[in-house]
S.K.: 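Quick one: structure below, then a few questions.
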Amino acid sequence: MSTAPGMATTNENSTQGLTTNNSEVSGLDSEIQLVSSLAKLQELERKIHELREFMPHGLLEPLVPIANPDRVTPGNPIAETPQILRASLDEAARARVADVQQFQSLWRDPELASAWAHVESRIKEANGQLIQPTGKWERDYDVLLEELARKEKSKVDERLREEEEAERTKAQSTEGEWQNVLERFVQRNIPGVRVVKAQDETSLAVALVRAGVVFQVRGVSVSGSPVSEWEVSSKIAGRSPTKLENAILGCVGSRPRKWDLAFLLDMISSYTDIKQTPCVKCNRLTDNGAQLPTLRRPQANQPSIDGPARIYVFDALHYGCL
């Protein structure tokens, strides 16, 4: 990838010390942070080249068809009136200003502050001499950053799988553990949620009073474990599930951690104010199809805030807002 000579601070040479002395610079203490900073520097240089073209050519683009009819395009026709030409020139100017503002925002990115500080320290060490570039980048750092991000996500996913497997094994190997989970949930006394234990040892009913729905929860045992997973239904004698109940059941049925009663009870209770809770994405109660946000997505990195037990918090979403 070639660059323009003289771009001392936005060249790979000017930041090569980041990969050798990164422990000395705050904020640049991991490989992925270093690569992310280099990717931003690379993007800055690309935008500088774009801005050099934008200023003389971009601002005058609406005049091109008038001066040279052979260069008329569907996206840039000849202005039919002075008013249309003026509007086109105004729009081109606004677009160029937006480009400059975007460049300034990237330049002032907090992540790059450490890179700029490191470059300045290197220049001081060299008695004010600018670090000379080689004229090209050796790597495409945005591509390298994607590779590192994928590897990092794989590590995180593997760690989460191991943690979940350990939790599942503990829950399924402890006799009566689900009853302890149920007792802790009931003791929280969540407004609008009522839980009734059925005569069947591993069955209960969860009523969402404000939403006007009742769900039946039944534990299923497989391979000799106390409860392998929990099934949910809304079967009530004499009537069929409503459209809202079916939508909620569809989301609950596709949940992860089907063995985790605490996760399930918190997920069901998140629907207690469904008729008042807007979508976290569009901030509207109903979407264009007049549908409520019946999708629930667990928030990431939730801490344990109930002693040894974890309380799960869910975001409400419309299906169309995913």
S.K.: Could you list the residues that satisfy ring-ring contact (aromatic ring centres under 6.0 Å, His included) with Phe185, not counting sequence neighbours?
M.R.: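 By the ring-ring contact (aromatic ring centres under 6.0 Å, His included) rule, Phe185 matches no residue at all.
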S.K.: If you link ILVMFWY side chains whenever their heavy atoms are less than 4.5 Å apart, which other residues fall into the same cluster as Val280? By chain and number, please.
M.R.: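 Members alongside Val280: Leu295, Leu317, Tyr319, Leu322.
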S.K.: Which residue, Cys282, Cys321, Cys279, Pro278, forms the side-chain contact (heavy atoms from CB on, under 4.5 Å) with Pro293?
M.R.: Cys279
S.K.: Give me each pair satisfying salt bridge (charged side-chain N to carboxylate O under 4.0 Å, His left out) with a member in residues 260-270, each pair once, sequence neighbours excluded.
M.R.: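 For residues 260-270: Arg188-Asp266, Arg257-Asp260.
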S.K.: Check for me whether the distance between the ring centres of Phe215 and Tyr271 falls short of 6.0 Å.
M.R.: no
S.K.: Between Arg168 and Glu165, is there a side-chain N and carboxylate O pair less than 4.0 Å apart?
M.R.: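 Salt bridge flag = yes for Glu165 with Arg168.
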S.K.: Can you sort out the partners of Glu158 under side-chain hydrogen bond (donor to acceptor under 3.5 Å, both in side chains), two or more places apart, ordered by chain and number?
M.R.: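 Once residues adjacent in sequence are excluded, the partners of Glu158 under the side-chain hydrogen bond (donor to acceptor under 3.5 Å, both in side chains) criterion are Arg161.
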S.K.: Got a sec: does the CD of Gln179 have more than 12 other heavy atoms crowding it under 6.0 Å?
M.R.: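 Yes.
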S.K.: How about Val213 and Ile274: do any of their side-chain heavy atoms sit closer than 4.5 Å?
M.R.: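 Side-chain contact under 4.5 Å: no.
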S.K.: Would you find a donor on one side and an acceptor on the other, under 3.5 Å apart, between the side chain of Ser270 and the backbone of Met267?
M.R.: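 Yes; judged by distance alone, with no hydrogens or angles, the pair exists.
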S.K.: Check this for me, if you would: do Lys151 and Glu147 make a salt bridge, where the nitrogen-to-carboxylate-oxygen distance has to be below 4.0 angstrom?
M.R.: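 A salt bridge is absent here (no side-chain N lies under 4.0 Å from a carboxylate O).
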S.K.: With Lys153, which residues qualify under side-chain hydrogen bond (donor to acceptor under 3.5 Å, both in side chains), at least two apart?
M.R.: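 Testing Lys153 for side-chain hydrogen bond (donor to acceptor under 3.5 Å, both in side chains), a comparison that skips the adjacent residues, returns Asp157.
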S.K.: Name all residues meeting the side-chain hydrogen bond (donor to acceptor under 3.5 Å, both in side chains) criterion together with Asp315; count only those two or more places apart in sequence or in a different chain, and write none if there are none.
M.R.: Gln299
S.K.: Quick one: do the Ser203 and Arg218 side chains pair a donor with an acceptor below 3.5 Å?
M.R.: no
S.K.: So does Glu43 pair up with Arg46, basic N to acidic O under 4.0 Å?
M.R.: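 Between Arg46 and Glu43 there is a salt bridge, with a charged N closer than 4.0 Å to a carboxylate O.
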